[in-house]
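Here's the structure we're looking at; comments come further down.
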Amino acid sequence: MEILVCAKRVPDTAENEIEINSAGNDIKRDDLVYSVNEWDNYAVEEAIQIVEKHGGSVTVVTVGDDESEEILRREMAMGAENGILLTDEAFEGSDGKGIAALLKAAVEKGNYDLIMTGAQADEGYAQVGGMLAAMLDYPYASLVNKIEVGDGKLTVGREIEGGNIEINEIELPCVLSIQTGINEPRYVGIRGIRKVASVNIPAMGASDLGIDPASVGADAAGVKRIDYFVPEMGEGAQMLEGSDDEILEKLIELLKSKGGIK
Amino acid sequence: MARIFAYILHSNGELDDSALELLAAAKRIDPDADVTAIVTGSGIDDVCGKAAQSYKTVWKIDNEALSYPNAEVVRKALVNILPADSIVLLPHDHFGMDLGPGLSIKMDSSFVSDVVDIEKVEGNTLKVIRQEFTGQVSTHVHCDISSGAVVNMRPGVCQPAEGQAGEVVDKSGEAGDLSAKRKFVEIQEAEAGEVDITKSDVLVSVGRGIEDEDNLEIVFELAGAMGADVSCSRPIVDAKWLEKARQVGTSGKTVKPKLYMALGISGSFQHVGGVKGNPFIVAINKNPKAPIFQVADVGVEADILEFVPELTEKIKEL
Ligand SMILES: Cc1cc2nc3c(=O)[nH]c(=O)nc-3n(C[C@H](O)[C@H](O)[C@H](O)COP(=O)(O)OP(=O)(O)OC[C@H]3O[C@@H](n4cnc5c(N)ncnc54)[C@H](O)[C@@H]3O)c2cc1C
Ligand SMILES: Nc1ncnc2c1ncn2[C@@H]1O[C@H](COP(=O)(O)O)[C@@H](O)[C@H]1O
């Protein structure tokens, strides 16, 4: 099975507090640690496991800048065979549709049976996979947390409410968005990264993809972020202040009065 | 102004909570709108009647192929029935996420998801508020609605609207070809775990802030001292540190404790969405700007790895 996984380089929120810059037009990016979007890492692991069982190869593609190459290498160190970097000034500021249109062009340059995205990325849209599928006219299932490979089709589980799983049969080729927890992504050590350090990763721009630069990027975006802001908060929590002992004492009193200590 | 439609989710003959939330959202987009509800399914006269208690127009699409809401089939029906340039409202849940993005492509309209507030419409621009980085920052977003839009609303952010009673229009004949390459097979129910956290009065809930599986011990010790049960956020289950039955949230359990302690949990809407019944919430987090402090009653800015063992000690001394 030939599998294409779409991955995005994002600030790692487990490592960073996200703060807004003084102009309010971006987050403070200087000291951020970046990594591959958590959901995409599960998708790559799943793709590798399918290929280990059923043969084929895994390609990872990202739309980004030069620095985005590092996440392709990371996923190649996990076991993806190929990486493709889609990069061009014309791509900057693309909305979800723009990103999906670029990924569609990349899909059409290859011969893939299965395309995977993460369920969502840093901006929380959860849109690119479904858009890409509709553009390709492929069937789609989102929030997939279980995959069994059949003949010309897959049986997939979708995570729905309450921890229940919705089982579907889906014809290949198809697009799946992958939910976290579907597997246990393998560890990537320094040695693994070193092994792929000098592998050539092709970069493709608008002309390589046969994309009209005016159809993507900020000017073509129908959905635009105008600014970042900190909302006027309601009252919020009463923060316990004082020395450690005072805080502990106050908290214990509260827990007692609310029936929290039996 | 374009016509506004709300897709009505329902199960076992009951309307989903989102049904009247979407009506409220539609009124925010256009206070004068005659919002049309769309109900799909098989044998749905009752549900359509319920929707028509609040919506002036209800479009019924009754077809065996729609007996389970498979997003691919629903999308086909909607694309055949909806006028061009429609504004379609969906809940941003496991169904809306499945349907919305692809629907916007097929309708050739804009898509904006996980909307937490609607500001206004100016000309062809819908102005909304979203959040990024699991709620750590908010953003103003402009969405071009000149050729329509699909808008996914975050569940729970709009108060259900009252609405006016209306009539049901049968659109089943216009649904067209509903064949699909994705077929619904069955629902597999979640497995029961060793504890039933939906029955717990006091929950000590742990999130990614615990950092390491071995550190979970301090959480169980605190819970033990308090006589509480341990629940958790999703990353703890994803990492297989705790069983799925302990996960609180939209894709986990809905809990109704009297007291909920959130330790190293940021407070994403999918997590907090599983905490119901208005419990007293205590949050302990080292980031004073964590969104959990917006929903908590009492907060402590602290490192749980240090604070929790101290708290356990003090409680044991009581
Ligand atoms: C469709 C869908 C369904 C989902 N369903 C659920 C669900 O049912 N339940 C759920 O929980 N999530 C769910 N999620 C995931 C959700 O969006 C969040 O990613 C998740 O809730 C984050 O968990 P967390 O708060 O533990 O981790 P994080 O967001 O990483 O937060 C960790 C927090 O710990 C704090 N911290 C770190 N170290 C320390 C320390 N030493 N001491 C004190 N504080 C510390 C940090 O400041 C941060 O606030 C779902 C997501 C999707 C897309
Ligand atoms: N710039 C990008 N490059 C490659 N894939 C992306 C990009 N942005 C989003 N995706 C894919 O789309 C998924 C969902 O992201 P989103 O729709 O932005 O929430 C991600 O998990 C990725 O798989």
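Residue numbers start from 1 in every chain, and the chains themselves are labelled A, B, ... in the order their sequence lines are given, proteins ahead of strands.
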Legend entry - Which atom of Ser110(B) lies closest to which atom of Val223(A), heavy atoms considered: CB-CG2, 4.1 Å
Legend entry - Arg234(B) side chain to Thr180(A) backbone, donor-acceptor under 3.5 Å: yes
Legend entry - More than 12 heavy atoms of other groups within 6.0 Å of Lys106(B) NZ: yes
Legend entry - chain B contact via Glu38(A) - side chain, backbone, both or neither, heavy atoms under 4.5 Å: side chain
Legend entry - Atom pair CG/CD1 of Leu311(B) and Ile247(A) - distance to nearest 0.5 Å: 11.5 Å
Legend entry - chain A contact via Thr254(B) - side chain, backbone, both or neither, heavy atoms under 4.5 Å: neither
Legend entry - Under 4.5 Å from a heavy atom of chain B, the part of Leu132(A) involved: neither
Inset, instruction - Go through the steps for His94(B) and Glu161(A) under the test side chain to side chain donor-acceptor pair (under 3.5 Å), then give the verdict. - result: CA-CA 7 Å; His94(B) 61 87; Glu161(A) 77 282 325; 2.6 Å; yes
Inset, instruction - For the pair Asp245(A) and Lys314(B), evaluate side-chain contact (heavy atoms from CB on, under 4.5 Å) and give the outcome as yes or no after the intermediate values. - result: CA-CA 10 Å; Asp245(A) 278 339; Lys314(B) 287 265 189 247; 3.7 Å; yes
Inset, instruction - Identify the heavy atoms of Pro101(B) and Ala126(A) that sit nearest to each other, and give their distance. - result: CG-O, 3.6 Å
Inset, instruction - Measure across Ala237(A) and Gly299(B) and return the closest heavy-atom pair with its distance rounded to 0.1 Å. - result: CB-N, 3.7 Å
Inset, instruction - Evaluate the criterion side-chain contact (heavy atoms from CB on, under 4.5 Å) for residue pair Glu72(B) and Tyr140(A); output intermediate values, then yes/no. - result: CA-CA 8 Å; Glu72(B) 187 181 335; Tyr140(A) 174 63; over 6 Å; no
Inset, instruction - State, with a plain yes or no, whether a side-chain heavy atom of Leu143(A) is found less than 4.5 Å away from one of Asp98(B). - result: no
Inset, instruction - Using non-hydrogen atoms and a 4.5 Å limit, figure out which bit of Ile145(B) sits close to chain A: side chain, backbone, both or neither. - result: neither
Inset, instruction - Specify which of Ile18(A), Ile252(A), Asp244(A) makes the most heavy-atom pairs with chain B at under 4.5 Å. - result: Ile18(A)
Inset, instruction - Heavy-atom distances under 4.5 Å only: say whether Asn124(B) touches chain A with side chain, backbone, both or neither. - result: neither
Inset, instruction - Report, as yes or no, whether the 6.0 Å neighbourhood of atom CG on Asp212(B) holds more than 12 heavy atoms from other residues, nucleotides or ligands. - result: yes
Inset, instruction - Evaluate whether atom CD of Glu249(A) has more than 12 neighbouring non-hydrogen atoms of other residues, nucleotides or ligands under 6.0 angstrom away. - result: no
Legend entry - Gap separating the NE2 atom of His142(B) from the CG atom of Asp227(A), nearest 0.5 angstrom: 8.0 Å
Legend entry - Crowding at CD, Glu148(A) (>12 non-hydrogen neighbours, <6.0 Å): no
Inset, instruction - Determine the option with the most heavy-atom pairs under 4.5 angstrom with chain A, choosing from Ile315(B), Val300(B), Asn287(B). - result: Asn287(B)
Inset, instruction - Name the region of Phe184(B), side chain, backbone, both or neither, that has any atom closer than 4.5 Å to a heavy atom of chain A. - result: both
Legend entry - Cationic tip of Arg130(B) above Tyr125(A) ring, under 6.0 Å, 45° of axis: yes
Inset, instruction - Quick one: which of Tyr138(A), Phe229(A), Tyr228(A) has the most heavy-atom pairs under 4.5 Å with chain B, could you say? - result: Phe229(A)
Legend entry - chain A contact via Gln131(B) - which portion, at a heavy-atom distance below 4.5 Å: backbone
Legend entry - chain A interface, residue from Gln247(B), Glu189(B), Gln136(B) that has the most non-hydrogen pairs under 4.5 Å: Gln136(B)
Inset, instruction - Drop me the distance from Met97(B)'s CE to Gln127(A)'s CD, to the nearest 0.5 angstrom. - result: 11.5 Å
Inset, instruction - Please round to the nearest 0.5 Å and tell me the distance separating atom NZ of Lys258(A) and atom CZ of Phe280(B). - result: 5.0 Å
Legend entry - Options Arg158(A), Lys97(A), Lys250(A), Arg225(A), ranked by heavy-atom pairs under 4.5 Å with chain B, top entry: Arg158(A)
Legend entry - Interface moiety of Glu313(B) toward chain A, non-hydrogen atoms closer than 4.5 Å: neither
Inset, instruction - Apply the test side-chain contact (heavy atoms from CB on, under 4.5 Å) to residues Thr139(B) and Ile226(A): give CA-CA distance (whole Å), side-chain angles for both, the deciding distance (0.1 Å), then the verdict. - result: CA-CA 7 Å; Thr139(B) 65; Ile226(A) 302 304; over 6 Å; no
Legend entry - Interface moiety of Leu154(A) toward chain B, non-hydrogen atoms closer than 4.5 Å: neither
Inset, instruction - Can you establish whether the number of heavy atoms outside Glu191(B) located under 6.0 Å from its atom CD is more than 12? - result: no
Legend entry - Toward chain A, the part of Leu318(B) with a non-hydrogen atom under 4.5 Å: side chain
Inset, instruction - Look at Ile182(A), Thr155(A), Leu251(A) and state which one has the largest set of heavy-atom pairs under 4.5 Å with chain B. - result: Leu251(A)
Inset, instruction - Select one option (side chain, backbone, both, neither) describing which atoms of Asp114(B) are under 4.5 Å from chain A's heavy atoms. - result: side chain
Legend entry - Heavy atoms of other groups near Asn21(A) CG, more than 12 under 6.0 Å: yes
Inset, instruction - Would you check if Lys286(B) and Glu17(A) make a side-chain contact, meaning some heavy-atom pair closer than 4.5 Å? - result: no
Legend entry - Smallest separation among heavy atoms of Ala190(B) and Gly162(A), with atom names: CB-O, 3.6 Å
Legend entry - Reported OG-to-CD distance for the pair Ser251(B) and Glu159(A), which is rounded to 0.5 angstrom: 4.0 Å
Legend entry - Part of Ile160(A) within contact of chain B (heavy atom distance under 4.5 Å): both
Inset, instruction - Sort out for me which of Leu259(B), Asp297(B), Asn70(B), Thr134(B) touches chain A most, counting heavy-atom pairs under 4.5 Å. - result: Asp297(B)
Legend entry - chain A contact via Lys289(B) - which portion, at a heavy-atom distance below 4.5 Å: side chain
Inset, instruction - Using the salt bridge (charged side-chain N to carboxylate O under 4.0 Å, His left out) rule, take Lys224(A) and Asp144(B) through it: C-alpha gap first, then chi angles, then the decisive distance, then the call. - result: CA-CA 9 Å; Lys224(A) 289 192 176 81; Asp144(B) 175 7; over 6 Å; no
Legend entry - Ala133(A) portion near chain B, given a 4.5 angstrom heavy-atom threshold: neither
Legend entry - Side chain to side chain, Glu132(B) and Ile27(A), heavy atoms closer than 4.5 Å: no
Legend entry - Heavy-atom proximity to chain A below 4.5 Å, by part of Val282(B): side chain
Inset, instruction - Tell me, for Lys183(B) versus chain A, whether the close heavy atoms (under 4.5 Å) come from the side chain, the backbone, both or neither. - result: both
Legend entry - Options Arg208(B), Lys244(B), Lys253(B), His92(B), ranked by heavy-atom pairs under 4.5 Å with chain A, top entry: Arg208(B)
Legend entry - Max heavy-atom pair count under 4.5 Å with chain B, selected residue of Lys153(A), Met239(A), Gln120(A): Met239(A)
Legend entry - Heavy-atom pairs under 4.5 Å with chain B, option from Gly129(A), Gly260(A), Gly124(A) with the top count: Gly260(A)
Legend entry - Ser146(B) versus chain A, the contacting section by heavy-atom distance below 4.5 Å: neither
Legend entry - Rounded distance (nearest 0.5 Å) linking atom CG of Asn168(A) with atom NZ of Lys181(B): 15.5 Å
